[in-house]
Amino acid sequence: MADSISLVHLNIELNQHFERIFPFFEKVNPDVLCVQELREEDIPLFEKNIGVKCLYVPMAHQVYRGFSETFGVGIFSKLPVLSTGVKNYYGNAEKVPDYINPDQNTVSRVLVYCDVVKNDSIFRIGTTHFTWTFGGVPDDLQRRDLKGFLLALEEAGEIVFTGDFNAPRGGEIFGELAKRFKDNVPQKYTTSIDVEFHKNPNIRNLMVDGIFSTKGYSVEGVEMICGLSDHCALVAKVSKV
């Protein structure tokens, strides 16, 4: 039987849901955890609770609720990490910008990934937080960043990648990804927005989170778990083909 690993993806919405997400992470205990909207200031707390070091890439600084903070994307692996990769597809990796809400030109965009090993199998797992638009309607900034993102993915090679793509399934941007990579989230799931916690309760039926894969991987048993953050989590088993 081929080796497989467990994978969890979640946009954690900064520091607003620790009382729910940490018990969830402990219960599911994934081999690899991919998160978005991770504050740099909270990394020590995550590393203490999860028990492993974080592969973290900042995307922007911001002042939120009167406090200065830095946020980005992170990967936690309980498996040995052989190598890591970071590909900025918008912005300068050497200078983290100051976010001016809602200007998406003031946020860097990055694909971060790592190669983890289980027995004799190596798995490349990545994550991103793609460009936001109002109501999930595609715009020229998303189209610009999609070009860079696709190039980054081409350079990354065989990979399983998760993300809050800020682009709903059935739309232009998500559709371009689905043309090139396998969309592994079952069609029965029609939204990954958790309206119980999302700041805009009128947003519904937007399937904006996903797990995509290249031909070298099989992603099975994908489940969506809500009640954790303003987005729902995705849980999956990843195998080599």
Side-chain angles (χ1 to χ4, degrees), residues 1-12 21 24-38 43 46-47 49-57 72-89 93 109-130 149-165 174 177-186 189 192 209-225 228 231-241:
M1 178 178 292
D3 291 322
S4 64
I5 65 172
S6 56
L7 173 66
V8 167
H9 152 88
L10 179 63
N11 181 327
I12 62 172
I21 65 173
F24 169 72
F25 295 154
E26 181 179 6
K27 178 181 178 181
V28 177
N29 192 29
D31 293 317
V32 180
L33 168 65
C34 298
V35 297
Q36 299 79 42
E37 294 193 20
L38 173 62
I43 290 175
F46 273 77
E47 291 179 338
N49 276 271
I50 297 172
V52 295
K53 293 293 184 180
C54 179
L55 170 58
Y56 170 77
V57 180
V73 292
I75 301 178
F76 299 85
S77 174
K78 295 191 174 181
L79 299 171
V81 176
L82 298 182
S83 62
T84 63
V86 176
K87 296 185 180 297
N88 272 73
Y89 55 92
R109 298 297 167 184
V110 61
L111 170 68
V112 57
Y113 59 85
C114 60
D115 292 335
V116 302
V117 59
K118 183 175 184 180
N119 298 326
D120 295 325
S121 298
I122 299 173
F123 301 81
R124 177 162 288 185
I125 307 296
T127 196
T128 194
H129 193 176
F130 196 69
F149 185 42
L150 292 174
L151 178 60
L153 288 165
E154 181 179 348
E155 294 173 347
E158 292 289 336
I159 190 172
V160 174
F161 62 97
T162 81
D164 172 0
F165 297 103
F174 199 105
L177 291 171
K179 287 179 184 177
R180 297 165 173 81
F181 307 95
K182 184 179 179 182
D183 170 13
N184 293 287
V185 177
Y189 297 120
S192 58
D209 294 81
I211 303 177
F212 289 91
S213 58
T214 54
K215 294 180 180 179
Y217 291 97
S218 172
V219 180
E220 301 176 322
V222 178
E223 293 184 76
M224 183 177 294
I225 309 296
L228 301 168
H231 286 242
C232 301
L234 296 173
V235 179
K237 182 177 77 172
V238 178
S239 305
K240 299 294 283 287
V241 174

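Since the structure is predicted, the reported quantities are computational estimates derived from the model, not experimental observations.
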Practice prompt. Mind listing the closest non-hydrogen atom pair of L38 and G74 along with its distance?
Written response: CD2-CA, 4.1 Å
Discussion item. Testing the basics here: between V222 and A236, what is the closest heavy-atom pair and its distance to 0.1 Å?
Written reply: CG2-CB, 3.7 Å
Worksheet item: Is E155 atom CD crowded by more than 12 heavy atoms from other residues, nucleotides or ligands, each under 6.0 Å away?
Response: yes
Worksheet entry | Test side chain to side chain contact (heavy atoms under 4.5 Å, CB included) applied to F76 and V8, step by step | CA-CA 10 Å; F76 299 85; V8 167; over 6 Å; no
Worksheet entry | Close aromatic pair by centroid cut-off 6.0 Å: F161 and F181 | yes
Discussion item. Please report whether the ring centroid of Y217 lies less than 6.0 Å from that of F212.
Written reply: no
Fill in: Test side chain to side chain contact (heavy atoms under 4.5 Å, CB included) applied to I125 and I5, step by step
CA-CA 10 Å; I125 307 296; I5 65 172; 4.1 Å; yes
Fill in: 4.5 Å side-chain heavy-atom contact, T162 and L234
no
Item to complete: Might you confirm whether atom NZ of K118 has over 12 heavy atoms from other residues, nucleotides or ligands at distances under 6.0 Å?
Response: yes
Item to complete: First locate atom CD1 of I50, then atom CD of E26, and finally report the distance between them rounded to the nearest 0.5 Å.
Response: 10.5 Å
Discussion item. Would you call the rings of Y89 and F130 parallel, tilted or perpendicular, taking 30° and 60° as the class edges?
Written reply: parallel
Item to complete: Provide the closest heavy-atom pair for E47 versus C54 in the form atom of the first, atom of the second, distance.
Response: OE2-N, 2.9 Å
Worksheet item: Taking it one step at a time, do L150 and L177 satisfy side chain to side chain contact (heavy atoms under 4.5 Å, CB included)?
Response: CA-CA 8 Å; L150 292 174; L177 291 171; 3.9 Å; yes
Practice prompt. Could you check if a side-chain atom of L33 sits within less than 4.5 angstrom of a side-chain atom of F25, using non-hydrogen atoms only?
Written response: yes
Worksheet entry | Closest non-hydrogen atom pair, S121 against K240 | CB-CG, 4.4 Å
Discussion item. Just verifying a value: how many Å separate L55 CG and C34 SG, rounded to the nearest 0.5 Å?
Written reply: 9.5 Å
Worksheet entry | Pair K78 + D31: basic N to acidic O under 4.0 Å | no
Worksheet, complete the sentence: For P30 and S6, the nearest pair of non-hydrogen atoms, with its separation, is CA-OG, 3.3 Å
Worksheet item: When rounded to the nearest 0.5 angstrom, what is the spacing between OG in S192 and CD1 in I225?
Response: 13.0 Å
Practice prompt. Calculate, to the nearest 0.5 Å, the distance between atoms NZ and CG belonging to K87 and L111 respectively.
Written response: 8.0 Å
Discussion item. If we ignore hydrogens and angles and just use 3.5 Å, is the side chain of R124 paired with the main-chain N or O of A156 as donor and acceptor?
Written reply: yes
Worksheet item: Nearest 0.5 Å, what's the NZ-NZ distance between K215 and K182?
Response: 12.5 Å
Fill in: Sub-4.5 Å side-chain heavy-atom contact between D209 and Y189
no
Worksheet item: To the nearest 0.5 Å, what is the distance between CG (D115) and CG (L79)?
Response: 12.0 Å
Fill in: Candidate list N11, T128, T127, D164, test side-chain hydrogen bond (donor to acceptor under 3.5 Å, both in side chains), partner Q36, passing option
T127
Worksheet item: Is the closest side-chain heavy-atom distance between V35 and I21 below 4.5 Å?
Response: no
Worksheet item: When the aromatic ring centroids of F46 and Y56 are compared, is their separation below 6.0 Å?
Response: no
Worksheet item: Do T84 and V112 touch side chain to side chain, with heavy atoms closer than 4.5 Å?
Response: no
Practice prompt. Taking D183 for its side chain and V185 for its backbone only, find out whether a donor-acceptor pair lies under 3.5 Å.
Written response: yes
Worksheet item: Looking only at heavy atoms, which two atoms of V116 and S77 are closest? And how far apart?
Response: CG1-OG, 3.2 Å
Worksheet item: Is it true that the side chains of S218 and S239 contain a donor and an acceptor less than 3.5 Å apart?
Response: no
